[in-house]
Amino acid sequence: MNTLKKVLFWTLVVFAMMQFISIDKVNKPVNTAVNFVDAKKAPEKIRSLIKGACYDCHSNETVYPKYAYVAPISWSVKSHVNEGREHLNFSVWGTYNKELKESMLSKSIQTVQSKVMPMPGYIVYHKEANLTEAERTLLVQYFEEMLKSKSY
């Protein structure tokens with residue numbers, strides 16, 4: 001029993017110490033001239049869908065949930081956000097070259113259609129990001145039209 005108390009004590013000490021290793025939750029400023037929904041003058045429905053389902057991980061407008069303030073969960077959340085921004089950052093859309101925009105739009109179409117995005121694990125805690133079939137179709141059509149008309 002004494003060993004169990006020691007293990008619990010040190011587990012709590014380590015957990016408490018982990019809380020001092022915080023993540024940077026400060027978003028970079030957003031320039032509306034290069035921000036996707038602003039620069040493309042996205043229709044309100046598209047703007048709402050993209051901001052609600054994509055922007056937390058794929059922009060500099062991340063709103064960190066309460067659980068993102070507790071280590072080690074916070075580290076995982078920050079890692080996911082960083083990875084999402086590496087693949088596609090809507091806040092800097094206007095800085096991407098033509099080929100990169102085409103690739104990102106094509107991948108966005110594939111991931112939305114296949115329900116890879118928004119990530120199922122994300123949807124569990126963010127019900128507002130759970131796109132209906134009609135919403136997925138609308139987003140896909142919007143991205144396809146951008147590709148077709150080369151208006152990216």
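For this chain, numbers begin at 1 and follow the sequence in order. Since the structure is predicted, the reported quantities are computational estimates derived from the model, not experimental observations.
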Practice problem: Taking Y152 for its side chain and E99 for its backbone only, find out whether a donor-acceptor pair lies under 3.5 Å. | Solution: no
| task | For side chain to side chain contact (heavy atoms under 4.5 Å, CB included), just list the numbers for Y142 and M146, CA-CA rounded to whole Å, side-chain angles, deciding distance to a tenth of an Å, and then say yes or no. | result | CA-CA 6 Å; Y142 183 74; M146 286 181 71; 3.6 Å; yes
The side chain to side chain donor-acceptor pair (under 3.5 Å) partners of Y67 (sequence neighbours excluded) come to H126
Q | Hydrophobic cluster identity match, V26 and V63, side-chain contacts under 4.5 Å | A | no
- Test item: H58 side-chain N/O and F90 main-chain N/O as donor-acceptor pair under 3.5 Å: no
For V70, the hydrophobic cluster (side chain heavy atoms closer than 4.5 Å, chained through members) also holds F15
*In the single-linkage hydrophobic clustering (I, L, V, M, F, W, Y; side-chain heavy atoms under 4.5 Å), do L49 and V140 co-cluster?*
yes
Note to self: Is there a path of hydrophobic side-chain contacts, each under 4.5 Å between heavy atoms of I/L/V/M/F/W/Y residues, joining I123 to L131?
What the structure shows: no
Dump the intermediate steps for side chain to side chain contact (heavy atoms under 4.5 Å, CB included) on K150 and E102, then the final yes or no.
CA-CA 8 Å; K150 299 200 182 290; E102 286 176 355; 3.9 Å; yes
Testing the 3.5 Å rule here: is there a donor-acceptor pair between the side chains of D56 and Y122? yes
Exactly one candidate in V34, L100, L88 meets side-chain contact (heavy atoms from CB on, under 4.5 Å) with W93; the answer is L88
Counting N and O atoms only, with roles assigned by atom type, does the side chain of S79 sit under 3.5 Å from a partner on the main chain of W75, one being a donor and the other an acceptor? no
> Mind checking whether L105 and Y96 sit in one hydrophobic cluster, side chains of I, L, V, M, F, W, Y counted as touching below 4.5 Å?
Replying inline: yes
Inset, instruction - Check the surroundings of atom NZ in K101: do more than 12 heavy atoms from other residues, nucleotides or ligands lie under 6.0 Å from it? - result: yes
| Sub-4.5 Å side-chain heavy-atom contact between N60 and P29 | no
So NZ of K5 and CZ of F9: to nearest 0.5 Å the spacing works out to 13.0 Å
In short, side chain to side chain donor-acceptor pair (under 3.5 Å) pairs touching residues 111-121 with sequence neighbours left out are K115-E133
Note: with side-chain heavy atoms under 4.5 Å as the link, the other cluster members for L12 come out as none
Exercise for review: Say whether V81 and Y69 are linked into one hydrophobic cluster, either directly or through other cluster members, by side-chain heavy-atom distances under 4.5 angstrom.
Suggested key: yes
task = Spell out, as yes or no, whether a donor-acceptor pair under 3.5 Å connects the side chain of T95 to the backbone of V92.
result = yes
Closest non-hydrogen atoms of A68 and S74, given as atom of the first, atom of the second and distance, are O-CB, 3.0 Å
Closest non-hydrogen contact found for P118 with A129 is CG-O, 3.2 Å
Is there a donor-acceptor pair closer than 3.5 Å between any side-chain N or O of T11 and the backbone N or O of V7? yes
Output for pair (L138 CG, F143 CZ), nearest 0.5 Å, gives 10.0 Å
* To do: Output yes when a side-chain donor or acceptor of S91 lies under 3.5 Å from a complementary backbone atom of S59, and no otherwise.
  => no
Distance col, row H87:NE2 vs C57:SG, nearest 0.5 angstrom, shows 11.0 Å
For this session: Give a yes or no on whether K28 atom NZ has more than 12 heavy-atom contacts from other residues, nucleotides or ligands under 6.0 Å away.
Result: no
Applied to residues 75-88, the salt bridge (Lys or Arg N to Asp or Glu O under 4.0 Å) test, sequence neighbours excluded, yields none
One should read off an interatomic distance between I109 CD1 and M117 CE, to the nearest 0.5 angstrom, of 15.0 Å
Could you go through residues 36-43 and list every donor-acceptor pair under 3.5 Å that involves a side-chain atom there, pairing it with any protein atom two or more places apart or in another chain?
| from | atom 1 | to | atom 2 | distance (Å) |
| --- | --- | --- | --- | --- |
| D38 | OD1 | R47 | NH1 | 3.3 |
| D38 | OD1 | R47 | NH2 | 2.9 |
| D38 | OD2 | N35 | ND2 | 2.8 |
| K40 | NZ | S151 | O | 3.0 |

(Q) Looking at T62 and Y64, would you say the former's side chain and the latter's main chain have a donor-acceptor pair under 3.5 Å? (A) no
